Visitor: 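If you scroll down you'll find the structure; I have some questions about it.
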Amino acid sequence: MEKEKFYLTTAIAYASKKPHIGNTYEVILADAVARYKRQRGYDVYFLTGTDEHGQKIEDLAREAGVSPKEYVDRVSGEIKSIWDRMNTTYNRFIRTTDRDHEEAVSAIFKKLYDQGDIYKDTYEGWYCVPCESSFTETQLKDGKCPDCGREVTRTKEETYFFRMSKYAPALIKHIEEHPGFIEPESRKKEMLNNFLLPGLQDLCVSRTSFKWGVPVSFDEKHVIYVWIDALCNYITALGYGGTEKGELYRKYWPANVHIIGKDILRFHTIYWPILLMALGEPLPEKVFGHPWLLSGTDKMSKSRGNVLYADELADKFGVDGVRYYVLSEMPYLNDGTISYENMIKRYNTDLANNLGNLVSRTFSMTEKYFGGLIPTPAGEEGPDGELREICAKAYRVFTEKMDSYRVSEALDEVFEMLRRANKYIDETSPWALAKNGDMKGRLGTVLYNLLETVRIAAILLFPAIPASCEKILSMLGQDVPADYESAGHFGALPTGRPIGKAEILFARIDEKKFMEELAKEEGAAEKAAGKENVAQARPEELPKIDYDAFMSVELRCAKVLDAEPVPRAKKLLKLTVDLGYEQRTVVSGIAKFYTCEQLKGRKLALVCNLKPVTLCGVESNGMILASGEEEIRVLFLDDETPLGSRIR
RNA sequence: CGCGGGGUAGAGCAGUCUGGUAGCUCGUCGGGCUCAUAACCCGGAGGUCAUGUGGUUCAAAUCCCAUCCCCGCAACCA
């Protein structure tokens, strides 16, 4: 019988820099699902890869003094090596610079253009110089750049657009008729309420502001922008070429699941399905938006110095230690957290103490009491039935949870089973049975049951910690049933065969020693960097300006007369300030850091000649000076500073 | 009144749909065991289940109402 196919993908990682553990989580999750599906007998195709085009990479390459291709070759290679290190079993690692992908994307673009879904608008548009992006009239926010809010200049630009609106009704219908299409469920409402139901805007699908991308074949000034280029990897990887469809494509498409981060759900549940509809291809079965791994309560970022990398963690915890941590710590809906303390705790508790030690004591008793031969069980008594039942339950529930992508809950189930097995040892006290010659049969039953529990655990945990599970199964000896279904049959382990020697699977980590070494390493790294202030990364520096340029900014001392929150805005405060010669209203995004009372009566520096903007319905005439990106501190002036005096 | 999720022991979570002794993991305290990786097992302490001396009910963490707070998405840091 033909195996049922299962096609899953991760998002392709942007090849701008080394991915941190949060990015790596996604491919580990996908790998666990892929391995599980293979165990269940599916013909699995697992796709991952890198997204390598775009402005940012072009810039980074220039800074690094290499060509964009050289740049992405290096980063993509690094990403791939991390994926490999994590023992992920992808079938293809696609790069958007692969020739087959580029050709296919080009053909897809052409096809969409030919059929009228992509049109060129030669219009008088708006261009934002700092963002190097152009916008349509409707995209502007209050006449300003929608990305940065700065002034835009009028340009005559041509851009290609995709007619999103045309397909929106069909997509809404599809989403409503396919309850599992967007997962988790709560995300579905976000997409519908925020984007689809209010009305979709046509999407800009080409750029002229940079060159590093797939050129539009019939209009070489334009490169195809990220949406079409990146999203299409899911079909081009299978040999979809626009007109011809490869064998893999016919076999595996549509995808059973796209596993992606919750931040790009919008592209995968709106733009991508519409693109497919336009191509006349079936939609993926499911888009699963997983949560994020946070470092403590913060998002990982270089500036916070809290970035953890999968390969460095693997040096300390082993590959399976890292895999297990991210899979078990990541809930289904909420963001998970990662820290060394938590990792050590989880590693020790679950892997070393619960699983590793169970294997160790079971094997050593089998060795000691039965010369390393798997004993034959006799009659069932005492807690045997309960152990057997919990194994059956673990198998059943694990299967259910994995089928619905609740990996951490699935793993929990197995560890509960292992805890029960450890307790079973205490209840049956094999060492006491061993002292009594009459109890040899009973002792054999107990150890057989334990070995069997270990076998089942190894099969179930295989998708999460494959290398360790393979080791356990091989330690159990030759011809040990290792297929998934056999984990549902307690008693499948053949008797009388020799088992191997028990290895330490997961050596305990001494938290204190670990943290000391970590501190030492970090100290060494700082020394190697040769600076005392390595904690402070050098910021991006701007070109020098002359005095006149600076003086074109009109800074003056102003006093806050009144402050109040802006309705419907979380970050904004509306300030009424006095310059001595006039009063103005200024809107400032400092609501999270200052209360109105803290500001009233204070003197601060105001940029007076900034063009007015409207923010959340309030017109702002100027800007107050403040420091910081994430933690904002207002620059207050001395009380003696005269109102309205020029600052320079 | 933009849309959605959530507030349960020191931490992280389950339980809420289908009301009926408040549970799990970690931590903590005490005990047991010795096969094992100072591991494993048992027991204790610790919660007015956000608030409302609100409603429904014989009975509310659970259903209804109001309020407060947090977090996503959207809007927004001039």
Side-chain angles (χ1 to χ4, degrees), chain A residues 141-142 144-146 148-151 184-195 197-198 262-263 265-266 289 291-292 297 328-329 331 333-337 341-342 345-346 348-369 408-409 412 415-416 418-434 443 446-447 450 502-510 566-573 586-593 606-607 609-626 628-630 632:
Chain A
K141 290 276 177 280
D142 305 313
K144 301 286 189 301
C145 168
C148 67
R150 276 176 286 217
E151 278 303 306
E185 170 79 20
S186 58
R187 302 279 167 201
K188 174 170 129 183
K189 290 177 185 148
E190 278 177 16
M191 295 304 134
L192 281 172
N193 292 334
N194 288 328
F195 302 103
L197 297 176
K262 62 181 186 179
D263 52 325
L265 213 49
R266 176 168 145 198
W292 282 335
T297 52
S328 62
E329 195 67 20
L333 188 60
N334 301 316
D335 290 335
T337 56
E341 286 84 355
N342 280 340
K345 214 154 266 167
R346 226 174 218 296
N348 279 344
T349 306
D350 292 346
L351 295 180
N353 299 351
N354 197 357
L355 171 61
N357 187 43
L358 176 72
V359 171
S360 171
R361 58 202 306 217
T362 300
F363 272 65
S364 96
M365 286 192 281
T366 306
E367 180 65 39
K368 196 177 281 186
Y369 305 140
S408 69
E409 293 172 31
D412 270 353
F415 282 90
E416 194 185 320
L418 293 172
R419 251 178 301 215
R420 186 63 188 84
N422 272 311
K423 181 176 172 175
Y424 176 81
I425 297 183
D426 263 57
E427 288 167 339
T428 53
S429 314
W431 52 91
L433 297 174
L443 180 60
V446 167
L447 284 173
L450 286 168
E503 288 178 53
I504 298 284
L505 291 166
F506 304 97
R508 262 185 78 80
I509 294 172
D510 183 322
V566 175
R568 266 187 295 115
K570 266 182 192 162
K571 300 182 185 172
L572 302 181
L573 289 182
V586 176
V587 177
S588 185
I590 53 176
K592 290 207 163 164
F593 307 97
L606 183 76
V607 183
N609 60 336
L610 205 61
K611 288 181 185 169
V613 270
T614 304
L615 299 168
C616 277
V618 181
E619 191 179 74
S620 178
N621 293 282
M623 168 173 120
I624 65 171
L625 292 190
E629 290 288 332
E630 269 134 37
I632 296 175

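Please read these numbers as outputs of a predicted model, since none were measured by experiment. Below, each value reflects all heavy atoms present in this structure, side chains not excepted, and no hydrogens, waters or symmetry copies. Chain letters run A, B, ... following the sequence lines, proteins first and then strands; every chain starts at 1.
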Visitor: What residues form a salt bridge (Lys or Arg N to Asp or Glu O under 4.0 Å) with A/Glu329, not counting sequence neighbours?
Guide: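 Counting only residues at least two positions away or on another chain, A/Glu329 forms a salt bridge (Lys or Arg N to Asp or Glu O under 4.0 Å) with A/Arg346.
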Visitor: Side-chain N or O of A/Arg346 less than 4.0 angstrom from OP1 or OP2 on B/U25?
Guide: no
Visitor: Using whole Å, report how far CD of A/Glu409 lies from C1' of B/G15.
Guide: 13 Å
Visitor: When the P atoms of B/U25 and B/C77 are compared, how many Å lie between them, rounded to an integer?
Guide: 48 Å
Visitor: Can you sort out the partners of A/Arg266 under salt bridge (Lys or Arg N to Asp or Glu O under 4.0 Å), two or more places apart, ordered by chain and number?
Guide: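 By the salt bridge (Lys or Arg N to Asp or Glu O under 4.0 Å) rule, A/Arg266 matches no residue at all.
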Visitor: Counting the atoms with a prime plus P, OP1 and OP2 as sugar-phosphate, which does A/Phe363 contact under 4.0 Å by heavy atoms, base, sugar-phosphate, or nothing?
Guide: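 Touches nothing.
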Visitor: Show the nearest heavy-atom pair for residues A/Pro184 and A/Gly289, with the distance to one decimal.
Guide: CD-O, 3.3 Å
Visitor: Could you check which of B/U25, B/A78, B/C35 has an atom nearest any side-chain atom of A/Arg419?
Guide: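 The answer is B/U25, which lies nearest to the side chain.
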Visitor: About how many Å separate CG of A/Leu418 and CG of A/Leu351, when rounded to the nearest 0.5 Å?
Guide: 10.0 Å
Visitor: Using atom types as modelled, flag every donor-acceptor pair under 3.5 Å from a side chain in residues 358-368 of chain A to any protein atom, sequence neighbours excluded.
Guide:
unit_1	atom_1	unit_2	atom_2	d
A/Arg361	NH1	A/Asn422	OD1	2.9
A/Thr362	OG1	A/Leu358	O	2.7
A/Thr366	OG1	A/Thr362	O	2.8

Visitor: In whole angstrom, what separates A/Asp263's CG from B/A74's C1'?
Guide: 15 Å
Visitor: Going by the rule side-chain hydrogen bond (donor to acceptor under 3.5 Å, both in side chains), which residues pair with A/Arg420 if we only count those two or more places apart in sequence or in a different chain?
Guide: A/Glu386, A/Glu427
Visitor: Which base, if any, makes a Watson-Crick or G-U wobble pair with B/G20, both distances under 3.5 Å?
Guide: B/C58
Visitor: My understanding is that a pair needs two contacts under 3.5 Å, Watson-Crick or G-U wobble. By that rule, which nucleotide pairs with B/C33?
Guide: none
Visitor: OP1 or OP2 of B/A78 less than 4.0 angstrom from a side-chain nitrogen or oxygen of A/Ser588, does that happen here?
Guide: yes
Visitor: Who passes side-chain hydrogen bond (donor to acceptor under 3.5 Å, both in side chains) against A/Asp412, sequence neighbours left out?
Guide: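 Partners of A/Asp412 by the side-chain hydrogen bond (donor to acceptor under 3.5 Å, both in side chains) criterion come out as none, since no residue qualifies.
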Visitor: To the nearest Å, give me how far apart NZ (A/Lys345) and C1' (B/U28) are.
Guide: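 In whole Å, B/U28 C1' lies 11 Å from A/Lys345 NZ.
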Visitor: Could you please name the option among B/C26, B/C35, B/A78 that lies closest to any side-chain atom of A/Ile425?
Guide: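 Closest nucleotide to the A/Ile425 side chain: B/C35.
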Visitor: Tell me which of A/Ser620 and A/Arg420 sits closer to the 5' end of RNA chain B, going by the nucleotide each one is nearest to.
Guide: A/Arg420
Visitor: Return the value, rounded to whole Å, for the distance between atom CG of A/Asn357 and atom P of B/A38.
Guide: 8 Å
Visitor: Starting from C1' on B/U25, measure out to CG on A/Asn348 and report it in whole angstrom.
Guide: 15 Å
Visitor: Using heavy atoms to find the nearest nucleotide of RNA chain B for A/Lys368 and A/Gly589 separately, return the residue whose nucleotide is more 5′.
Guide: A/Lys368
Visitor: Expressed in angstrom and rounded to an integer, what is the separation of A/Ile509 atom CD1 from B/A38 atom C1'?
Guide: 16 Å
Visitor: B/C26 and B/G2: how far apart are their C1' atoms, nearest whole angstrom?
Guide: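 My reading of the C1' atoms in B/C26 and B/G2 gives 40 Å.
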Visitor: Only counting residues at least two apart or in another chain, list the ones meeting ring pair (Phe, Tyr, Trp, His ring centres under 6.0 Å) with A/Phe195.
Guide: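 A/Phe195 satisfies ring pair (Phe, Tyr, Trp, His ring centres under 6.0 Å) with no residue once adjacent residues are dropped.
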Visitor: For A/Val446 versus A/Pro430, what's the shortest heavy-atom pair and its separation?
Guide: CG1-CG, 4.0 Å
Visitor: Please identify each residue that fulfils side-chain hydrogen bond (donor to acceptor under 3.5 Å, both in side chains) with A/Tyr369, with sequence neighbours left out.
Guide: none
Visitor: Can you name the residues that form a side chain to side chain contact (heavy atoms under 4.5 Å, CB included) with A/Ile504, not counting sequence neighbours?
Guide: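 Result, side chain to side chain contact (heavy atoms under 4.5 Å, CB included) vs A/Ile504: A/Ala507.
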Visitor: Quantified in whole Å, what is the C1' atom distance between nucleotide B/U56 and nucleotide B/C63?
Guide: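 Result for the C1' pair: 8 Å, nearest Å.
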Visitor: For nucleotides 70-72 of chain B, which of its nitrogen or oxygen atoms have a protein nitrogen or oxygen under 3.5 Å away, and what is each distance?
Guide:
unit_1	atom_1	unit_2	atom_2	d
B/G72	O2'	A/Arg187	NH1	2.7

Visitor: What's the gap between B/C49 and B/G32 when it is taken at their P atoms, as a whole Å value?
Guide: 37 Å
Visitor: Could you give the distance separating B/U62 and B/U48 at their P atoms, to the nearest angstrom?
Guide: 16 Å
Visitor: For the side chain of A/Asn422, starting at C-beta, report the closest nucleotide among B/U37, B/C40, B/A78.
Guide: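 Ranking B/U37, B/C40, B/A78 by closest atom to the A/Asn422 side chain puts B/C40 first.
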Visitor: Distance check, P atoms only: B/A59 and B/G19, in whole angstrom units.
Guide: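 Roughly 15 Å separates the two P atoms.
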Visitor: Could you pull out the protein-nucleic contacts involving nucleotides 29-32 of chain B (nitrogen or oxygen on both sides, under 3.5 Å)?
Guide:
unit_1	atom_1	unit_2	atom_2	d
B/G32	N2	A/Asp426	OD2	3.4

Visitor: Test of understanding: with salt bridge (Lys or Arg N to Asp or Glu O under 4.0 Å), list the residues that count as partners of A/Glu503, not counting sequence neighbours.
Guide: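 Per chain and number, A/Glu503 pairs via salt bridge (Lys or Arg N to Asp or Glu O under 4.0 Å) with A/Lys471.
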Visitor: For the side chain of A/Arg508, counting heavy atoms from C-beta on, which of B/U37, B/C26, B/A78 is nearest?
Guide: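 Side chain of A/Arg508 sits closest to B/U37.
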Visitor: Within the 4.0 Å heavy-atom criterion, would you say A/Thr349 contacts the bases, only the backbone, or no part of the nucleic acid?
Guide: sugar-phosphate
Visitor: What distance do A/Asp263 atom CG and A/Trp292 atom CH2 have between them, rounded to the nearest 0.5 Å?
Guide: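 Taking CG in A/Asp263 and CH2 in A/Trp292, the distance rounds to 4.5 Å.
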Visitor: Base, sugar-phosphate, or nothing for A/Phe195, non-hydrogen atoms under 4.0 angstrom?
Guide: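 Answer is sugar-phosphate: A/Phe195 comes under 4.0 Å of backbone atoms only.
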Visitor: Provide a list of protein-nucleic acid N or O atom pairs under 3.5 angstrom, restricted to nucleotides 42-46 of chain B.
Guide:
unit_1	atom_1	unit_2	atom_2	d
B/C42	OP1	A/Lys423	NZ	3.1

Visitor: Taking atom C1' in both B/U21 and B/C33, compute the distance separating them and give it to the nearest angstrom.
Guide: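 Approximately 32 Å lies between the C1' atom of B/U21 and that of B/C33.
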Visitor: Looking at A/Asn353, I'd like to know whether one of its side-chain N or O atoms comes within less than 4.0 Å of OP1 or OP2 on B/C40.
Guide: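 Looking at the OP1 and OP2 atoms of B/C40, one of them is under 4.0 Å from a side-chain N or O of A/Asn353.
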Visitor: Looking at B/C76, which nucleotide sits across from it as a Watson-Crick or G-U wobble partner, both distances under 3.5 angstrom, or is there none?
Guide: none
Visitor: Strictly distance-based, threshold 3.5 Å: is any side-chain N or O of A/Asn354 a donor or acceptor partner for the main-chain N or O of A/Phe415?
Guide: yes
Visitor: May I ask you to say what A/Leu505 touches in the nucleic acid, namely base, sugar-phosphate or nothing, with a heavy-atom cut-off under 4.0 Å?
Guide: base
Visitor: Under 4.0 angstrom, heavy atoms only, what part of the nucleic acid is A/Val587 near: base, sugar-phosphate, or nothing?
Guide: sugar-phosphate
Visitor: So, A/Asn348 side chain and A/Arg508 main chain: donor-acceptor pair closer than 3.5 Å or not?
Guide: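 No.
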Visitor: Can you check the A/Glu329 CD to B/A11 P distance for me, whole Å?
Guide: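 Checked: the CD to P distance equals 16 Å.
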Visitor: Starting at CG of A/Asn354 and ending at P of B/A38, how long is that distance when rounded to a whole Å?
Guide: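 Interatomic distance, CG of A/Asn354 to P of B/A38: 15 Å.
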Visitor: Could you work out the separation of B/C41 and B/G6 based on their P atoms and round it to a whole Å?
Guide: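 One P to the other, the span is 33 Å.
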